[in-house]
Protein chains: 2
Amino acid sequence: MPIQLSDAKKLIEGILNKREMLLVTGECFVRYQGRAGSKLPKGKRMLMVKADKSFAIHQNRFLRPVNYMMNAVVSTKLKENVLVIEALKRKPKELIEVFFYSVDFVKGLEIEGEKDLSLFGSEKELSDQLMQDLSLIEPGLKPLKQESPLRKGVIDILAEDSEGSIVVVEVKRRRADLNAVSQLQRYMKQVEKIKGKKTRGILCAPSIGKHSMELLERSDLEFYKLDYEISNPKAEIKGLQKKQKGIKDFIEGKQ
Amino acid sequence: MPIQLSDAKKLIEGILNKREMLLVTGECFVRYQGRAGSKLPKGKRMLMVKADKSFAIHQNRFLRPVNYMMNAVVSTKLKENVLVIEALKRKPKELIEVFFYSVDFVKGLEIEGEKDLSLFGSEKELSDQLMQDLSLIEPGLKPLKQESPLRKGVIDILAEDSEGSIVVVEVKRRRADLNAVSQLQRYMKQVEKIKGKKTRGILCAPSIGKHSMELLERSDLEFYKLDYEISNPKAEIKGLQKKQKGIKDFIEGKQ
DNA sequence: CGGGCTAGCTGCGAG
DNA sequence: CTCGCAGTTAGCCCG
């Protein structure tokens, strides 16, 4: 049994004021105009509004909402038997209008807002571990700087090898792609220009695609296969081994 | 008033069988192990499971869920006064365990599942329009192929100019970045090698960053400022103008 | 604020 | 399947 739209409006406003998580379901049409534009024809959907004014329309499919906005200014109005819920933002200017023709269900939920998730296995964590012991890559490698900002990007690890060459290290937690190779190439060229010294570029990743490997080798970069394990409180590097042309098996290695 | 966990379990299983959208809220602890690992300490959260087995734990903040899995195999079990809801996947092997110590609320919703959103203003749409009339870029430009697949990427538009040179066009719907320039550079070099002809690279975007512009010019590529409007049924290109070093104002142009 | 980047990216489409 | 990439990417961090 549907809820009276005027009752729904009051309920919704109360929940928004309390900064609870708001859920609304019903028959609605959705229009969006902003960075792009969209229309969602009439149908049953769920609207979710969070305390930080994340605004999302969900269908019964996909992780991602079909329409959304963050940091929205939310307002409701009742007009000719339609309950309109608007999400508005400026910079960039964006507007979502949800036209509810009927409302089945309105609910406010007291839910945790903090982001208290502890995650392990991130690229940063792997980079930290490498920084601790660059001899994993090769003996005599000395750390210079982590997260070194260039004009055109940020270098994961900057180091110096036993012969005094600069070494640029790029770490990837998953299979390296063309983009990763281009990135490293960019960094290496910049460092070479700035420092005016012989510079090497090293890509560390659990695996790399065939085309990416070709591009890497043509660019005179080096690939190191990075083995790691995600155990409970943190990820651990298990091995790091240089790979080159002749060797093919590692290409198949999925993470 | 909390729901008995055994009742909650039955309700949840019924809703999952009906392929309705499932919502469960309550006090829970969440553990994830897979491509990475995470722990979410005990607290009130909302679990959402969709018909396609998208599985998401939401907090009252952010658009994105704090833990998630797509195409999950979902199962429930009751164990020592804890209701455990598991999401399992192989390839890659992933597991989310949600330990509900109490359940406040269980709901099944009949919600649309189709993806019936019509969206306009995508990169593909802009590329289509450009393909219709390449004279927007320069007179005499003849289309050769759209979405042309190379070994190392896909070219948006491949064309030939009035002097018989190959032209590679890359379109971006938003401000072009370093990555976009690298992409175009890659495509251009490949085409040059394959065709063995003089090749130009053109980047079309509403704006471009200063560093990206530098990189682009050093790579002998060209930038065209792409103005477009998103009107109702589709986006429309309003203008396309070549920009080079001397001209600076367009750098400030946010889309 | 913009600039650059990671992400357990997700989702799509071609080979 | 994998590969490459767009995305209203979101969210983060550092200048």
Side-chain angles (χ1 to χ4, degrees), chain A residues 32-38 52 54 61-71 89 91-96 115 117 119-124 127 147-156 170-175 177-180 183 186 207 209-212 230 235 251-252 254-255, chain B residues 32-38 52 54 61-71 89 91-96 115 117 119-127 147-156 170-175 177-180 183 186-187 207 209-212 230 251-252 254-255:
Chain A
Y32 160 67
Q33 182 101 13
R35 287 171 290 178
S38 74
D52 64 349
S54 304
R61 205 182 157 194
F62 299 127
L63 280 171
R64 295 169 67 77
V66 62
N67 281 110
Y68 56 89
M69 189 182 298
M70 17 170 328
N71 301 319
K89 190 161 72 144
K91 200 142 178 83
K93 196 187 174 196
E94 294 191 292
L95 172 64
I96 299 176
K115 54 164 180 176
L117 181 82
L119 185 127
F120 31 99
S122 66
E123 178 187 301
K124 182 59 167 52
S127 172
E147 304 265 303
S148 171
L150 293 182
R151 288 195 310 273
K152 295 184 185 63
V154 183
I155 295 175
D156 281 347
E170 176 66 30
V171 182
K172 292 290 171 209
R173 69 176 307 284
R174 52 179 178 154
R175 175 176 274 241
D177 56 13
L178 294 169
N179 197 2
Q183 245 182 76
R186 260 186 354 240
S207 68
K210 204 175 94 183
H211 297 146
S212 305
I230 49 165
I251 290 174
E252 324 304 335
K254 323 288 184 279
Q255 72 112 337
Chain B
Y32 159 69
Q33 183 101 12
R35 286 171 290 177
S38 74
D52 63 350
S54 303
R61 205 182 156 191
F62 298 127
L63 280 171
R64 291 163 140 294
V66 61
N67 281 111
Y68 54 89
M69 189 182 299
M70 18 171 327
N71 302 319
K89 190 160 73 142
K91 200 146 179 80
K93 196 187 174 197
E94 295 190 290
L95 173 64
I96 299 176
K115 52 164 181 176
L117 181 82
L119 186 127
F120 31 99
S122 67
E123 178 187 301
K124 181 61 165 50
E125 198 182 332
L126 296 172
S127 171
E147 303 265 303
S148 172
L150 293 182
R151 290 196 310 272
K152 295 184 184 65
V154 183
I155 294 175
D156 282 347
E170 176 66 29
V171 182
K172 291 291 170 207
R173 68 180 306 285
R174 53 174 180 160
R175 174 174 274 241
D177 56 13
L178 294 169
N179 198 0
Q183 243 182 78
R186 255 180 7 234
Y187 301 159
S207 67
K210 204 173 91 182
H211 297 146
S212 305
I230 49 167
I251 288 174
E252 323 304 335
K254 323 289 183 277
Q255 76 111 325

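All chains are named by letter (A, B, ...) in the order of the sequence lines, taking the proteins before the strands, and each is independently numbered beginning at 1.
- For the pair A:L117 CG and D:dG11 C1', the interatomic distance rounds to 13 Å; values are reported in whole Å.
- At a threshold of 4.0 angstrom between heavy atoms, the contacts of A:M70 are confined to the sugar-phosphate backbone, with no base atom among them.
- For the atom pair CD1 (A:I96) and CE (A:M69), the distance works out to 4.0 Å, reported to the nearest 0.5 Å.
- With centroids closer than 5.5 Å and planes inclined by less than 30 degrees as the test, B:Y68 and the base of C:dG8 pass as a stacked pair.
- When heavy atoms are screened at a 4.0 angstrom cut-off, B:V171 is found touching no nucleic acid atom at all.
- Residue contacts shown for A:E170 are limited to sugar-phosphate atoms, with no base heavy atom under 4.0 Å away.
- Atom CG in B:D177 sits roughly 15 Å away from atom P in D:dA10 (whole-Å rounding).
- Rounded to the nearest 0.5 Å, atoms CD (B:Q183) and CG (B:L178) are 12.0 Å apart.
- Here the separation of D:dG7 from C:dC5, taken at their C1' atoms, is 15 Å to the nearest Å.
- Atom pair A:E123:CD and D:dC12:P shows a separation of 16 Å (rounding to whole Å applied).
- If you check every strand for non-hydrogen atoms under 4.0 Å, A:E147 touches nothing.
- Nucleotides of DNA chain D nearest to A:N179 and A:G37 differ in position, and the one nearer the 5' end is that of A:N179.
- Atoms NZ (B:K89) and P (C:dG8) sit 14 Å apart, rounded to a whole Å.
- Here D:dC5 is the nucleotide among C:dG3, C:dT10, D:dC5 with the atom lying nearest to any side-chain atom of A:L178.
- When each of A:R64 and A:L150 is assigned the nucleotide of DNA chain C bearing its nearest heavy atom, the one mapping closer to the 5' terminus is A:L150.
- Across all strands, A:I230 comes closer than 4.0 Å to no nucleic acid atom at all (heavy-atom distances).
- The CD atom of A:E94 sits 8 Å away from the P atom of D:dT9 (whole-angstrom rounding).
- When distances run from any side-chain atom of A:R35 to the nucleotides C:dG2, C:dT6, D:dT9, the shortest one goes to D:dT9.
- When the nucleotides C:dG11, D:dG11, C:dG8 are ranked by their closest atom to the side chain of B:F62, D:dG11 comes out on top.
- For A:R173, a side-chain nitrogen or oxygen approaches OP1 or OP2 of C:dC9 to under 4.0 Å.
- In this structure, B:Y187 reaches the sugar-phosphate backbone alone: every heavy-atom distance under 4.0 Å involves primed, P, OP1 or OP2 atoms, never a base.
- Remark: the backbone N or O of B:K152 is not paired with any side-chain donor or acceptor of A:H211 at under 3.5 angstrom.
- Within the 4.0 Å cut-off from OP1 or OP2 of C:dG4, not a single side-chain nitrogen or oxygen of A:Q183 is found.
- Residue B:K172 places at least one side-chain N or O under 4.0 Å from the OP1 or OP2 atom of D:dA6.
- Proximity of A:K91 to the phosphate of C:dG2: a side-chain N or O atom is located under 4.0 Å from OP1 or OP2.
- What separates CG of B:L63 from P of D:dT9 is a distance of 13 Å, to the nearest Å.
- In this structure, A:Y32 packs face-to-face on the six-membered ring of D:dT8, meeting both the 5.5 Å centre cutoff and the 30° plane limit.
- On a pure distance criterion of 3.5 Å, a polar donor-acceptor pair joins the side chain of B:N67 and the base of C:dG8.
- Side-chain nitrogen and oxygen atoms of A:R175 include none within less than 4.0 Å of the OP1 or OP2 phosphate oxygen of D:dG4.
- A donor-acceptor distance shorter than 3.5 angstrom exists from the side chain of A:D156 to the backbone of A:V171, with no hydrogens or angles considered.
- Protein atom NZ of A:K152 is 16 Å distant from nucleotide atom C1' of C:dC5, rounded to whole Å.
- Side-chain atoms of B:Q33 come within 3.5 Å of backbone atoms of A:I230 as a donor-acceptor pair (strictly under, hydrogens ignored).
- Comparing A:H211 and B:R61 by the nucleotide of DNA chain D that holds the closest heavy atom to each, the one mapping nearer the 5' end is A:H211.
- Proximity of a side-chain donor or acceptor of A:R173 to a complementary backbone N or O of B:R35 within less than 3.5 Å is detected.
- Listed for the A:D52 side chain is a donor-acceptor partner under 3.5 Å among the backbone atoms of B:F62.
- Within the 4.0 angstrom heavy-atom criterion, only backbone atoms of the sugar-phosphate kind lie near A:S122; the bases stay farther away.
- Taking the P atoms as reference points, D:dT8 lies 23 Å from D:dG4, given to the whole Å.
- Using a 4.0 Å heavy-atom cutoff across all strands shown, B:K124 reaches no nucleic acid atom at all.
- Separating the CG atom of A:N71 from the P atom of C:dC1 is a distance of 12 Å, rounded to the nearest angstrom.
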